[in-house]
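Remarks on the structure that follows.
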Amino acid sequence: MPELPEVESVRRQLLPRLTGRRIVGVWWDPHPHARLHDLERLRERRIERVDRRGKFLVCPLDTGTRDTTLELVLHLGMTGALRVGPTAVPGADPDAGLTHVRVRLDLDDGHTLRFRDPRRFGRASVVADRAYHQVVPTLATLGPEPLSEAFTVEGFAAGLAATRAPVKARLLDQRLVAGVGNIYADEALWQARIHPASRRIGRRRAATLHAAIVTILTAAIEREGTTFRDYQMVNGQSGRYAAYLAAYGQHGRPCRRCGTILRRRVIAQRGTTYCPGCQRI
DNA sequence: CCGGGCCCCTGGATGC
DNA sequence: TGCATCCAGGGGCCCG
């Protein structure tokens with residue numbers, strides 16, 4: 001579900017509710033398919049910050065020493081959502097009507113962070129000393145943040161030139177640029193007039209695509225992301241960017257630019273919508 | 001190391 | 001109404 005704009009919107013809502021809070025109680029789903037790692041280490045830790053890298057939320061924890069770091073790393077997968085609400089009183093339903101709660105973190109201010117995730121594609125891990133490789137390998141090899149100075153046209157163009165996979169696959173891969181998923185890949189490619197199956201992207205088109213990624217992610221963050229199906233923010237509200245989608249989920253409708261009917265096909269194992277009229281190989 | 005295929009899991013929408 | 005099928009915005013792993 002959530003891509004960079006959605007995770008960033010969640011992060012901004014979590015920030016005032018988690019920063020400085022001590023975790024006084026921890027519960028997690030014992031299900032064998034739950035992708036939860038070392039969460040018992042959260043007990044009695046204080047949350048120092050709520051950061052984001054790509055689609056990952058990274059919360060540094062107070063260890064009382066500079067020699068070691070401890071981080072809570074969360075990935076929402078396709079259907080993950082975070083909520084903060086009152087800690088339930090004993091005897092009552094601890095999740096107050098929320099279904100599929102996989103993790104509960106009780107905070108020292110009487111509130112509880114709940115991670116609900118119907119499909120269990122999400123992850124929650126405690127990682128020491130940034131040893132991401134074992135537990136969250138995608139985070140270990142994550143590309144530059146698209147809205148930072150680290151995301152350069154030069155690096156992006158060179159990365160695209162280095163391989164022959166379809167450009168859509170490269171955008172989803174997370175190593176070339178962090179945080180782009182299926183929605184914003186389709187949107188950026190439409191904006192840049194590049195066919196998603198294109199395997200050769202020259203310097204000029206790379207620069208156009210680079211700019212499209214920055215523009216679209218920025219606009220989506222301003223609208224607090226896209227709710228197409230499941231995505232909800234910490235306050236339960238929907239993102240408002242869905243009304244601005246030009247390509248994703250718009251197949252069968254005329255292209256806003258040239259009027260050709262938008263087409264949907266599977267590229268890089270993902271449903272992909274593009275305009276056969278103005279997106280060129 | 002790469003690209004492609006398949007898998008993980010659950011729920012909602014759709015069609016018969 | 002009930003059942004089968006398909007689809008979903010995530011990443012990981014295995015294979016050639």
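In what follows, chains are A, B, ... by sequence order, proteins preceding strands, each numbered from 1.
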Quiz item: What does A/Q269 touch in the nucleic acid at a heavy-atom separation under 4.0 angstrom: a base, only the sugar-phosphate, or nothing?
Solution: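 Base, at least one base atom sits under 4.0 Å.
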Practice problem: Name the nucleic acid region contacted by A/R119, choosing base, sugar-phosphate or nothing; use a 4.0 angstrom heavy-atom cut-off, strictly under. | Solution: base
Quiz item: Is any N or O donor-acceptor pair between the side chain of A/R270 and the base of C/dG11 shorter than 3.5 Å?
Solution: yes
Quiz item: Ignoring hydrogens and angles, are the base of B/dC8 and the side chain of A/R35 linked by a donor-acceptor pair under 3.5 Å?
Solution: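 Present.
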Exercise. Apply salt bridge (Lys or Arg N to Asp or Glu O under 4.0 Å) to the pair A/E44 and A/R22, showing each step before the final yes or no.
Key: CA-CA 6 Å; A/E44 292 306 317; A/R22 189 164 48 90; 2.7 Å; yes
Quiz item: Transitively linked via ILVMFWY side-chain contacts under 4.5 Å: A/V7 with A/V136?
Solution: no
Quiz item: Among the clusters formed by ILVMFWY side chains lying less than 4.5 Å apart, do A/L176 and A/L139 turn up in the same one?
Solution: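 They do not share one cluster, since no chain of ILVMFWY contacts under 4.5 Å joins A/L176 to A/L139.
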Self-check item: C/dG10 OP1/OP2 closer than 4.0 Å to side-chain N/O of A/T79
Solution: no
Quiz item: Hey, is the side chain of A/H75 poking within less than 4.0 Å of OP1 or OP2 on C/dG11, counting only N and O atoms?
Solution: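 Answer is yes, contact under 4.0 Å.
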Quiz item: Where the side chain of A/H100 is concerned, which of B/dG11, B/dC2, C/dG10 is the nearest nucleotide?
Solution: B/dG11
Exercise. Ignoring the backbone of A/T163, work out which of B/dT10, B/dC2, B/dG4 is nearest its side chain.
Key: B/dC2
Value in whole Å for how far the [atom2] atom of [N] lies from [atom1] of [X]:
X: A/L176; N: C/dG11; atom1: CG; atom2: P; answer: 14 Å
X: A/D173; N: B/dG5; atom1: CG; atom2: C1'; answer: 15 Å
X: A/H133; N: C/dG11; atom1: NE2; atom2: C1'; answer: 16 Å
X: A/R116; N: C/dG10; atom1: CZ; atom2: C1'; answer: 16 Å
X: A/I267; N: B/dG3; atom1: CD1; atom2: P; answer: 16 Å
X: A/R123; N: C/dC13; atom1: CZ; atom2: P; answer: 8 Å
X: A/F121; N: C/dC13; atom1: CZ; atom2: P; answer: 14 Å
X: A/L160; N: B/dG3; atom1: CG; atom2: C1'; answer: 15 Å

Practice problem: For A/R199 and for A/P118, locate the closest nucleotide of DNA chain B by heavy-atom distance; then report the residue assigned to the nucleotide nearer the 5' terminus. | Solution: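 Taking each residue's closest nucleotide, the earlier one in sequence belongs to A/R199.
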Quiz item: Is the NZ or CZ atom of A/R257 both under 6.0 Å from the centre of the six-membered ring of A/W190 and within 45° of that ring's axis?
Solution: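 Checked: cation-pi criterion met.
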Quiz item: Is it the case that more than 12 heavy atoms not belonging to A/R204 sit under 6.0 Å from its CZ atom?
Solution: no
